[in-house]
Amino acid sequence: WLWHLVLPTICLTYNGLAKYDGFTAGVIWHGAVNDDSPKLNVPVIILHGVSDPAVSIDRVFALAKQLDADGKTFQLKTYCATEHAFTLPGGAQYNPVAADDAFREAVYFLRKRYGMPAGSVDPLVKEPVPA
């Protein structure tokens with residue numbers, strides 16, 4: 001069921017959630033911002049690294065201000081000392097602690113949106129990723 005809620009690419013997520021009916025919630029990984037961002041019509045959670053060189057935290061905060069001014073339902077969680085692709089196991093910017101927390105936050109957000117019990121969430125990556 002997650003496939004219908006969380007699209008794998010940031011631009012697709014914004015585009016899909018803003019332009020197509022049928023989505024009821026979304027998860028924005030790494031906080032990318034594009035022209036469709038303010039058009040979001042469903043609740044979203046944005047999970048973003050504060051030290052992201054690709055998408056500055058200032059742009060993400062500006063998006064949050066715009067979403068708030070527009071009365072949109074969203075959550076924003078930031079991760080200090082964390083860069084852009086922090087959830088990509090084995091990647092140069094991978095941050096296992098932040099990635100695990102972001103995964104849990106995404107699952108809890110979706111469960112809450114659908115009236116499901118919070119329950120527990122296993123780590124996304126159960127074993128350390130080789131460097």
Side-chain angles (χ1 to χ4, degrees):
W1 57 271
L2 277 178
W3 169 248
H4 296 287
L5 308 171
V6 183
L7 295 172
T9 304
I10 300 303
C11 291
L12 287 178
T13 302
Y14 283 122
N15 292 340
L17 295 175
K19 293 181 180 180
Y20 300 103
D21 294 332
F23 293 105
T24 54
V27 176
I28 309 296
W29 302 98
H30 313 128
V33 178
N34 72 20
D35 291 341
D36 290 317
S37 304
K39 300 175 190 169
L40 295 172
N41 292 313
V42 298
V44 296
I45 185 169
I46 301 167
L47 304 158
H48 188 76
V50 173
S51 300
D52 186 336
V55 181
S56 76
I57 193 66
D58 293 336
R59 288 183 68 202
V60 176
F61 287 151
L63 168 63
K65 284 183 177 183
Q66 183 64 52
L67 293 173
D68 189 54
D70 292 344
K72 305 294 183 174
T73 301
F74 72 97
Q75 292 178 21
L76 170 62
K77 183 158 186 183
T78 60
Y79 296 89
C80 296
T82 301
E83 296 186 43
H84 185 71
F86 71 93
T87 61
L88 180 62
Q93 298 172 341
Y94 180 55
N95 179 329
V97 173
D100 190 50
D101 184 78
F103 175 70
R104 263 199 237 63
E105 289 288 335
V107 172
Y108 289 144
F109 173 80
L110 293 172
R111 285 180 180 170
K112 182 178 177 184
R113 295 301 318 158
Y114 293 98
M116 300 170 67
S120 64
V121 180
D122 290 333
L124 179 61
V125 178
K126 295 183 185 339
E127 297 179 17
V129 175

(request) Taking the side chain as every heavy atom from C-beta outward, state whether Phe103 and Leu47 have any atom pair closer than 4.5 Å. (result)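 A side-chain contact under 4.5 Å is absent here.
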
Within the structure provided, determine whether Ser56 and His48 are in side-chain contact (heavy-atom separation under 4.5 Å). no

Residue set satisfying salt bridge (Lys or Arg N to Asp or Glu O under 4.0 Å) with Lys112, at least two apart, ordered chain then number -> none

The side-chain hydrogen bond (donor to acceptor under 3.5 Å, both in side chains) partners of Gln75 (sequence neighbours excluded) come to none

Applying side-chain hydrogen bond (donor to acceptor under 3.5 Å, both in side chains) to Asn41 and not counting sequence neighbours gives Lys72

Which heavy atom of [X] sits nearest a heavy atom of [Y], and at what distance?
X: Tyr108; Y: Ser120; result: OH-CA, 4.1 Å
X: Ala81; Y: Ser51; result: CA-OG, 3.5 Å
X: Ala25; Y: Leu110; result: CB-CD2, 4.0 Å
X: Phe109; Y: Val44; result: CZ-C, 3.5 Å

Fill in: salt bridge (Lys or Arg N to Asp or Glu O under 4.0 Å): pairs with one or both residues in residues 83-97, sequence neighbours excluded
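Qualifying pairs: none.
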
When rounded to the nearest 0.5 angstrom, what is the spacing between [atom1] in [X] and [atom2] in [Y]?
X: Ile45; Y: Lys77; atom1: CD1; atom2: NZ; result: 8.0 Å
X: Gln93; Y: Leu88; atom1: CD; atom2: CG; result: 9.0 Å
X: Phe61; Y: Leu76; atom1: CZ; atom2: CG; result: 6.0 Å
X: Ile28; Y: Leu17; atom1: CD1; atom2: CG; result: 5.5 Å
X: Asp100; Y: Thr87; atom1: CG; atom2: OG1; result: 11.5 Å
X: Asp58; Y: Leu63; atom1: CG; atom2: CG; result: 12.5 Å

Original post:
Does the side-chain contact (heavy atoms from CB on, under 4.5 Å) test come out yes or no for Thr78 and Ile57, once each step is laid out?
Top reply: CA-CA 9 Å; Thr78 60; Ile57 193 66; 3.7 Å; yes

Are Leu67 and Val55 linked, directly or through other ILVMFWY residues, by side chains that come within less than 4.5 angstrom of each other?
yes

* Val97 reachable from Tyr94 in the ILVMFWY side-chain graph, under 4.5 Å edges ->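 No; Val97 is not reachable from Tyr94 via cluster members.
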
Residues passing the side-chain contact (heavy atoms from CB on, under 4.5 Å) test with Ala54, sequence neighbours excluded, are Asp52, His84

Chi angles and distances behind the ring-ring contact (aromatic ring centres under 6.0 Å, His included) call for Phe86, Tyr79
CA-CA 9 Å; Phe86 71 93; Tyr79 296 89; 5.3 Å; yes

Counting only N and O atoms by type, is there a donor-acceptor contact under 3.5 Å from the side chain of Arg111 to the main-chain atoms of Met116?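 Answer holds: no.
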
Contacts of Phe74 meeting ring-ring contact (aromatic ring centres under 6.0 Å, His included) (sequence neighbours excluded), chain-then-number -> none

